[in-house]
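Following: one structure in structure tokens, then a few remarks.
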Protein chains: 2
Amino acid sequence: MELDKAIAALNNPVRRNILMWLKDRSNFPPALPEHGDLEGVCVQYIREKANLSQSTISNYMGVLKHAGLVASERHGQWTFYRRNEEAIRTLLAAIEEELLNS
Amino acid sequence: MELDKAIAALNNPVRRNILMWLKDRSNFPPALPEHGDLEGVCVQYIREKANLSQSTISNYMGVLKHAGLVASERHGQWTFYRRNEEAIRTLLAAIEEELLNS
DNA sequence: TATATAAATCGATATATTTCGATATATGGA
DNA sequence: TCCATATATCGAAATATATCGATTTATATA
């Protein structure tokens with residue numbers, strides 16, 4: 001957990017929104033039938049919700065992924081992104097530790 | 001509490017260090033006798049600890065102050081900065097809420 | 001194999017941030 | 001009042017970030 005990179009990833013309202021949206025699959029259109037059993041949301045759906053270009057969203061997902069805050073899984077042409085809950089909790093704990101303790 | 005501004009303020013390792021240092025007055029040289037009863041640390045001491053220019057530190061303290069994370073009090077030629085513990089706790093709660101809940 | 005679609009990468013421009021030195025503004029003291 | 005010191009502000013250069021459209025890459029399918 002590189003705090004620096006994670007905080008930088010959070011330092012953008014759209015990326016924070018994406019993390020929030022990903023808490024609940026129902027923020028996005030229903031999964032295709034053949035993807036029903038997969039976790040995560042494809043870039044296209046995130047793009048539509050954020051209303052930014054495909055390249056921007058791909059970039060943002062890369063930033064979130066390099067920060068460890070999301071994980072991705074490729075299935076066919078699609079990349080499905082989902083929150084990394086453990087990393088998010090670890091980050092919160094680290095920020096709290098740094099800001100409050102010792 | 002403007003989350004955006006507060007996260008931006010945290011998105012710099014020196015500013016985060018300053019917030020950490022300010023947790024404990026003993027991270028800085030002792031206060032002058034005539035300042036013994038004042039809370040906070042003057043810009044000069046913070047500057048020495050951070051080893052950056054005076055203008056940079058003055059700027060950083062302004063960023064932290066506009067984000068609400070520190071408060072300042074002028075006494076004579078000196079401005080004493082101290083943590084705003086309540087605002088820091090509020091910020092942590094807001095980040096946690098945004099990242100984890102609902 | 002040719003084509004369509006999803007996602008990633010590239011290159012560019014506009015804007016923001018970091019950091020500095022120089023200057024301006026308080027304030028306190030000789 | 002004049003000077004020294006603490007801080008704030010200004011203007012600039014270097015670097016980083018946001019965001020785009022175009023291109024490339026991977027995959028699926030006709």
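Small disclaimer: the values here were computed from a predicted structure and weren't measured. Reminder, nothing fancy here: chain letters follow the sequence lines and each chain counts from 1. Side chains included, hydrogens not; waters and symmetry mates left out as well; all remaining heavy atoms used.
Remark: Gln54(A) engages Arg47(A), Ser58(A) in a side-chain contact (heavy atoms from CB on, under 4.5 Å) (not counting sequence neighbours). Considering only residues two or more places apart in sequence or on other chains, Asp24(A) meets the side chain to side chain donor-acceptor pair (under 3.5 Å) condition with Ser26(A). Every side-chain contact (heavy atoms from CB on, under 4.5 Å) that Ser55(A) has, sequence neighbours left out, goes to Ser53(A). Shown here are the side chain to side chain donor-acceptor pair (under 3.5 Å) partners of Asn12(A), two or more places apart in sequence or in another chain: Tyr60(A). Listed by chain and residue number, His35(A), His75(A), Phe80(A) satisfy the side-chain contact (heavy atoms from CB on, under 4.5 Å) test with Leu38(A) (two or more places apart in sequence, or in another chain). Take Ala93(B) and apply the side-chain contact (heavy atoms from CB on, under 4.5 Å) test, not counting sequence neighbours, and it matches no residue. The salt bridge (Lys or Arg N to Asp or Glu O under 4.0 Å) search around Lys23(B) returns none, not counting sequence neighbours. Taking Glu39(B) as the reference, Arg82(B) meet the salt bridge (Lys or Arg N to Asp or Glu O under 4.0 Å) condition, with sequence neighbours excluded.
Checking the phosphate oxygens (OP1, OP2) of dA18(D), a side-chain nitrogen or oxygen of Asn12(A) falls inside 4.0 Å.
Listed by residue number, the members of residues 25-32 of chain A with any heavy atom below 4.0 angstrom from DNA chain C form an empty set. Within residues 46-57 of chain B, the residues approaching DNA chain C are Leu52(B), Ser53(B), Ser55(B), Thr56(B), by heavy-atom distance under 4.0 Å. Non-hydrogen atoms lying under 4.0 Å from DNA chain C are contributed by Gly76(B), Gln77(B), all within residues 69-83 of chain B.
Pairs of residues two or more places apart, or lying in two chains, that qualify as salt bridge (charged side-chain N to carboxylate O under 4.0 Å, His left out) and include a residue from residues 89-102 of chain B are Arg16(A)-Glu98(B).
Of all nucleotides listed (dT7(D), dA18(D), dT18(C)), dT7(D) comes nearest to the side chain of Gln44(B).
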